[in-house]
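Below, chain A is the first sequence line, B the second, and so on; all start at residue 1.
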2 protein chains.
Amino acid sequence: MSMTSGSRKRRQRQDKITLSDVAHQAGVSAITVSRALREPEKVSPPLREAILKVVEEMGYVPDLAARALASKNSGLVGVMSPGLTSHAFLALIRGIEDRVRSSDLRIQYASAETDTEDQLRQLRFFLSQNPAGLIHVGQIGDPAIDDLLRHAPCPVVEIMDVSREPSDMAIGIDHRQAAKTATRHLLEKGYRRIAMLGGAWDFRARRRLEGFRAVLEEAGLFDPALVLSIDGSTSVGLGCHLLDRLKSEAPDAEAAFCHNDDIALGVLFECQRRGLAVPQDFGICGFNDLDYAGFAFPAITSVRVPRYEIGYRAVDMIIRAAGSDTSPTKRVDLGYQLVQRGSTARTG
Amino acid sequence: MSMTSGSRKRRQRQDKITLSDVAHQAGVSAITVSRALREPEKVSPPLREAILKVVEEMGYVPDLAARALASKNSGLVGVMSPGLTSHAFLALIRGIEDRVRSSDLRIQYASAETDTEDQLRQLRFFLSQNPAGLIHVGQIGDPAIDDLLRHAPCPVVEIMDVSREPSDMAIGIDHRQAAKTATRHLLEKGYRRIAMLGGAWDFRARRRLEGFRAVLEEAGLFDPALVLSIDGSTSVGLGCHLLDRLKSEAPDAEAAFCHNDDIALGVLFECQRRGLAVPQDFGICGFNDLDYAGFAFPAITSVRVPRYEIGYRAVDMIIRAAGSDTSPTKRVDLGYQLVQRGSTARTG
DNA sequence: CTGTTAGCGCGTTCAT
DNA sequence: ATGAACGCGCTAACAG
């Protein structure tokens, strides 16, 4: 046909249109075009319209690198977490994007691995872009990461858990308390040999284990043999595997507080496979209250975490922190909610 | 205590360390430090080490905006898709990140909404950063988006489906063929009244519908009343809802080819709730083969898509396209695999 | 192998 | 309300 797409593209790269191209065409100076774009109210209406028309015609697109360099303001907010792509973060990301849409900020995600080295790599990478803010899924305990966050030259919001003093700001829930509520619920339903099944023991999972353990110890029912997990990421398959292990190591186990809903779902399937009736023979409580929890059969009791709101307000906190000098709220606990469903609805 | 974190941070922003700070300290010129960092082999070993030591001591971090501006090379690859956070893209993102790790590229994700306007917004945003490449989950049909991609001044890889001529390059599978295979499988298992249950009819879903329809029409079994969907994103809950509707509108329906595994799982749950035996009374085939498909009870038949490899090789294609002038492979079909499991294992 | 010069495209500052 | 000069931090191109 015509020339290859490759050469066409290469050519285009050369004729990049700059601010002064537009200015020249419109018969004004570059700075006026710049203002017409960023601070329209500072340019007289007729001129403004004329400029915007030229911008449109020429297909001018501002160069964000140049803008960031000149203004020392990248407008970039970095969001970082291991396993950011997990189902549980979907609502979080929606919240973030919704809040960002009406601002001039932009978001960049980094789905780091769980190891410290990779997280540091990603953090440094954000820092090299003069970020306007950082959102970090507190998963820490690592002093090197803490240190980097504490010295970051921008607002930092640690999200999901608020049970400890944040480097800068934090928003989320108290995972220790949430676990207590869930565990008490299982006790109230008459379960006694209660297990905790989970995956990687990140910071939040450890907090939940603390809550779980505290409640059961108070009741004189805690048994470390009922706490099962393996390293690595959680999955439905892992839930199946853990129930298997649990029932072979402790056949009398009669309920499980699960690390998340994926695990809970796996446990449910494995119960079905083994002919264990849920909730009569075995009770299941998940965590996060993902969309499917309410639709499983039986529906899965879970702990609802306000993930959308956490994301929305995390961005909000960054905007506020950048805006005013008055020190804003540093720690926000949004609370959780135990959603009781069929998987723990044992009667008698 | 001491001063607030806010003022501390503000101070830090001022003492940003630049290349010439390091150069001064090390007693060399700025460009030499720059080279020591980017092209170490061009600097004599002793000098290089001395410089890197100073870099380390001063905590110098390169400014990517300045680098991008000066070199006209941002090294940024934009990944864009509606619903990027869905469970199905987890493996894709892993593949992308794994390939990128050994390169000097960096990834930025944009999880656009499904509407054209938002997608255009995100695309323009990428383009304003001089991207080194674009990865787009072909979901199109929209001429405005096609046009933007075609004229992008960088390599563009459309991923997931390869059933049509790409703007630039494409890698994925043929969704039409995949649907044919799945539908034939249901026929072979003896199902006759076969439904297609889905969510948003994006490009790939439409392709699958074509394949589904072609096979059933050939068998004289296609019935438009058995194609059910609603607008909006898919979910387990939607799967439940659709089975409900299906059984009330067409009580004799005996199998479903589902838009994805989420829908399939919802259908499975709803069957359980209704006391419909799977696979005897009702057969279920999903799509994607997410991790849980193999662990459900019964395990769910699904179509495995090589998502990890698609991500990995998409980045690879961008790197190759940027590297050589020889025009590389434009369209790569990675193939799919029907994974037969219990949910369609009807005997007789 | 190392340094000098020049400028990437834009926004800030200060003038008009 | 508009513009001129300058520099952000870095690297390309050339020089030595």
Note: [X]-[Y] ion pair, threshold 4.0 Å (strictly below):
| X | Y | result |
| --- | --- | --- |
| Arg313(B) | Glu309(B) | yes |
| Glu57(A) | Lys53(A) | yes |
| Asp146(B) | Arg164(B) | yes |

Rounded off to whole Å, could you give me the [atom1]-to-[atom2] distance for the [X] and [N] pair?
| X | N | atom1 | atom2 | answer |
| --- | --- | --- | --- | --- |
| His24(A) | dA4(D) | NE2 | C1' | 17 Å |
| Glu39(A) | dG11(C) | CD | P | 9 Å |
| Asn130(B) | dC10(D) | CG | P | 18 Å |
| Leu64(B) | dC8(D) | CG | P | 18 Å |
| Ile17(A) | dC10(C) | CD1 | C1' | 16 Å |
| Asp63(A) | dC10(D) | CG | P | 17 Å |
| Leu37(A) | dG9(C) | CG | C1' | 13 Å |
| Arg38(A) | dA1(D) | CZ | C1' | 15 Å |

Using the closest heavy atom to pick a nucleotide of DNA chain C for each, name whichever of Leu69(B) or Arg48(B) lands nearer the 5' end.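 Going by which nucleotide is closer to the 5' end, it is Arg48(B).
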
If you pin Val28(B) and Ser34(A) to their nearest nucleotides in DNA chain C, which one's is more 5'?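 Of the two residues, Val28(B) wins.
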
For Leu64(B) and Gln129(A), which heavy atoms make the closest approach, and how far apart are they? CD1-CG, 3.6 Å

OP1, OP2 of [N] versus side-chain N and O of [X]: anything below 4.0 Å?
| X | N | value |
| --- | --- | --- |
| Ser71(A) | dG11(C) | no |
| Thr32(B) | dT2(C) | no |
| Lys72(A) | dG9(D) | yes |
| Ser44(B) | dT2(C) | yes |

So what does [X] hit on the nucleic acid, given a heavy-atom distance under 4.0 Å: a base, only sugar-phosphate, or nothing?
| X | value |
| --- | --- |
| Leu19(A) | sugar-phosphate |
| Arg35(B) | base |
| Glu41(B) | sugar-phosphate |

Nearest to the side chain of [X] - [options]?
| X | options | answer |
| --- | --- | --- |
| Ile31(B) | dG3(D), dC10(D), dG3(C) | dG3(C) |
| Ser29(B) | dG9(C), dG3(C), dC10(D) | dG3(C) |
| Ala66(A) | dT2(D), dG9(D), dC10(C) | dC10(C) |

Show your working on side-chain hydrogen bond (donor to acceptor under 3.5 Å, both in side chains) between Arg38(B) and Ser34(B) and close with a plain yes or no. CA-CA 6 Å; Arg38(B) 293 175 303 118; Ser34(B) 175; 3.0 Å; yes

Assign each of Arg67(B) and Ala30(A) to its nearest nucleotide of DNA chain D by heavy atoms, then name whichever residue's nucleotide is nearer the 5' end.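 Nearest-nucleotide comparison on DNA chain D picks Ala30(A).
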
Working for side-chain hydrogen bond (donor to acceptor under 3.5 Å, both in side chains), residues Thr116(A) and Asp142(A): CA-CA 7 Å; Thr116(A) 299; Asp142(A) 188 284; 2.8 Å; yes

